[in-house]
2 protein chains.
Amino acid sequence: MKIGKLSTLTGVSIRSLRYYEKQGLITPERLTNGYRDYSPLTVHTVKTIKLYLNLGLSTEQIAGFLTCVLQNKEAFCLEVMPIYRQKLAEIERQIVELNQIRANLLDRMAFVQLEANLNTE
Amino acid sequence: MKIGKLSTLTGVSIRSLRYYEKQGLITPERLTNGYRDYSPLTVHTVKTIKLYLNLGLSTEQIAGFLTCVLQNKEAFCLEVMPIYRQKLAEIERQIVELNQIRANLLDRMAFVQLEANLNTE
DNA sequence: ATAAACGCTGACATTAGTGTCAGAGTCAAG
DNA sequence: CTTGACTCTGACACTAATGTCAGCGTTTAT
């Protein structure tokens with residue numbers, strides 16, 4: 001199929017499909033006129049890429065295990081583990097940081113509110 | 001004082017001091033030779049800017065209430081509240097999203113680990 | 001045959017604060 | 001007077017995925 005159809009079938013923009021190709025995630029054939037020609041299997045591939053991108057993984061990280069994941073039905077691929085661990089650590093670090101900022105904001109808001117109340121008494 | 005001294009006193013790079021100026025957060029005088037000439041009070045101003053940047057606020061947001069905050073000792077400035085509220089909402093949205101990803105990652109890691117264990121039995 | 005719809009490549013923009021460099025002017029101490 | 005330290009402006013880079021546009025070729029339907 002051509003790129004427009006793949007785009008509608010996957011909900012991924014044509015621009016992004018070309019980008020994924022440049023990042024080595026998909027490698028379509030070419031028709032004689034130069035148009036990209038995708039296998040029907042690519043629909044699944046692109047949806048898989050989408051899924052990992054939504055996990056916050058980069059295209060480079062995804063490239064590291066995509067082939068394995070696509071061949072072996074599920075996660076028989078041990079190479080995903082270090083990436084998952086790294087991402088998990090990163091996420092948890094961010095959560096801690098955000099919670100600190102959140103606590104700080106709440107403190108400050110309470111303080112401002114307190115001042116406002118004093119002024120209305 | 002000149003920019004180098006302000007930089008060392010605040011721990012903020014010269015580059016960033018010039019950027020804050022461009023964003024309207026600080027407005028130093030100029031010596032006859034064109035060098036920036038900062039009041040000693042600017043040290044406090046810059047530290048305050050740093051504090052708000054660390055809360056994740058943008059220079060544009062900070063510009064909205066910095067003058068008030070600097071004049072009135074603490075947070076008598078009600079204009080900070082909407083910005084705090086907005087930031088808090090944003091932070092909490094991010095925390096929720098990160099927690100979803102975290103749960104998803106943990107699920108997947110458990111699943112991969114399970115497969116690995118099955119293969120060693 | 002022509003127009004509309006589709007595809008191609010390449011390039012620039014986006015975000016926001018910071019690093020870094022070039023080329024030039026200024027100043028202080030020796 | 002010269003050298004080194006300081007300052008100035010302006011510009012490009014960065015991160016990473018996506019949007020968007022220009023300019024051009026191709027296909028399809030009328």
Side-chain angles (χ1 to χ4, degrees), chain A residues 1-39 42 45-64 66 83 86-87 90-91 93-94 97 101, chain B residues 1-39 42 45-64 66 83 86-87 90-91 93-94 97 101:
Chain A
M1 77 188 69
K2 283 180 290 185
I3 200 168
K5 184 159 185 205
L6 181 61
S7 176
T8 59
L9 287 181
T10 59
V12 170
S13 73
I14 291 177
R15 175 68 176 86
S16 293
L17 291 174
R18 298 205 187 106
Y19 177 70
Y20 298 163
E21 178 178 345
K22 192 164 213 172
Q23 300 305 111
L25 297 179
I26 48 183
T27 47
E29 303 293 313
R30 293 286 183 150
L31 299 175
T32 54
N33 58 14
Y35 285 15
R36 290 171 178 79
D37 183 28
Y38 297 95
S39 146
T42 312
T45 302
V46 170
K47 287 184 176 175
T48 304
I49 293 170
K50 236 172 122 175
L51 182 151
Y52 288 120
L53 283 177
N54 286 336
L55 276 178
L57 301 186
S58 67
T59 55
E60 188 182 358
Q61 289 174 317
I62 295 170
L66 185 60
I83 295 179
Q86 179 185 338
K87 191 69 196 178
E90 184 185 330
I91 296 272
R93 194 169 28 75
Q94 290 175 349
E97 187 183 340
I101 293 179
Chain B
M1 77 189 69
K2 284 180 291 185
I3 199 168
K5 184 159 186 206
L6 182 60
S7 176
T8 59
L9 287 182
T10 59
V12 170
S13 74
I14 291 177
R15 175 70 176 85
S16 293
L17 292 175
R18 297 203 187 107
Y19 179 69
Y20 299 162
E21 178 177 345
K22 193 165 212 169
Q23 300 306 109
L25 298 179
I26 47 183
T27 47
E29 302 295 312
R30 293 287 183 149
L31 299 174
T32 54
N33 59 14
Y35 286 14
R36 291 170 178 80
D37 182 28
Y38 298 95
S39 147
T42 313
T45 302
V46 171
K47 287 184 176 174
T48 304
I49 294 170
K50 236 173 121 175
L51 182 151
Y52 288 121
L53 283 176
N54 286 335
L55 277 177
L57 301 186
S58 68
T59 55
E60 188 183 357
Q61 290 175 316
I62 296 170
L66 184 60
I83 296 179
Q86 180 186 337
K87 192 68 196 177
E90 183 186 330
I91 296 272
R93 193 170 29 75
Q94 290 175 350
E97 188 184 340
I101 294 178

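All values below were derived from every heavy atom in this structure, side-chain atoms included, with hydrogens, water molecules and symmetry-related copies excluded. Remember, it's a predicted structure, so these values are computed and weren't measured experimentally. Protein chains get the first letters and strands the later ones, always in sequence-line order, with residue 1 at the start of each.
Across D/dG19, D/dT27, C/dG25, the shortest atom-to-atom separation from the side chain of B/Y35 is found for C/dG25. Looking at the side chain of B/I3, the nearest of the listed nucleotides C/dC27, C/dT18, D/dT7 is D/dT7. Residue B/R30 has its side chain nearest to D/dT9 when only D/dT18, D/dC6, D/dT9 are considered.
Going from atom NZ of A/K22 over to atom C1' of D/dA17 covers 13 Å, rounded to whole Å. Taking atom CG on B/L53 and atom C1' on C/dT18, their separation rounds to 11 Å, with Å as the unit. The distance from atom CD1 of A/I62 to atom P of D/dA17 is 8 Å, rounded to the nearest whole Å. Across the protein-nucleic acid pair, B/E29 atom CD and D/dT7 atom C1' stand 17 Å apart, rounded to whole Å. Summarising the geometry, the separation between CZ on A/R15 and P on C/dT14 is reported as 15 Å, rounded to the nearest angstrom. Nucleotide C/dA28 holds its P atom 9 Å from the CG atom of B/N33, rounded to whole Å. If you measure from atom CD of A/E21 to atom C1' of C/dG10, you get 14 Å, rounded to the nearest angstrom. If you measure from atom CG of A/L31 to atom P of C/dC8, you get 9 Å, rounded to the nearest angstrom.
Sequence order on DNA chain D of the closest nucleotides to A/V12 and A/T32 puts A/V12 first from the 5' end. Each of B/K2 and B/E60 was matched to the nucleotide of DNA chain C holding its nearest heavy atom; the match closer to the 5' end belongs to B/E60. If you find the closest nucleotide of DNA chain C to B/R18 and to B/T59, the one lying nearer the 5' end belongs to B/T59.
A/E90 and A/R93 are not joined by a salt bridge, as no carboxylate oxygen comes within less than 4.0 angstrom of a charged side-chain nitrogen. A salt bridge links A/R36 with A/E21: the distance from a Lys NZ or Arg NE/NH1/NH2 to an Asp or Glu carboxylate oxygen falls below 4.0 Å.
Judged by distance alone with a 3.5 Å cut-off, no donor-acceptor contact links the side chain of B/R36 to the base of D/dT7. One cannot find a donor-acceptor pair under 3.5 Å joining the base of C/dG17 and the side-chain atoms of B/Y20. Side-chain to base pairing of B/Y19 with C/dG19: no donor and acceptor N or O lie closer than 3.5 Å to each other.
If you run side chain to side chain contact (heavy atoms under 4.5 Å, CB included) between B/Y20 and each of B/I62, B/L66, B/L53, only B/L53 comes through. Of the residues listed (B/V46, B/V12, B/I14), the one engaging B/L6 in a side chain to side chain contact (heavy atoms under 4.5 Å, CB included) is B/V46, and it is the only one.
The side chain of B/S16 contributes an N or O atom lying less than 4.0 Å from OP1 or OP2 of C/dT18.
Put simply, the side chain of A/T42 never gets that close to the backbone of A/T45: no donor and acceptor are under 3.5 Å apart.
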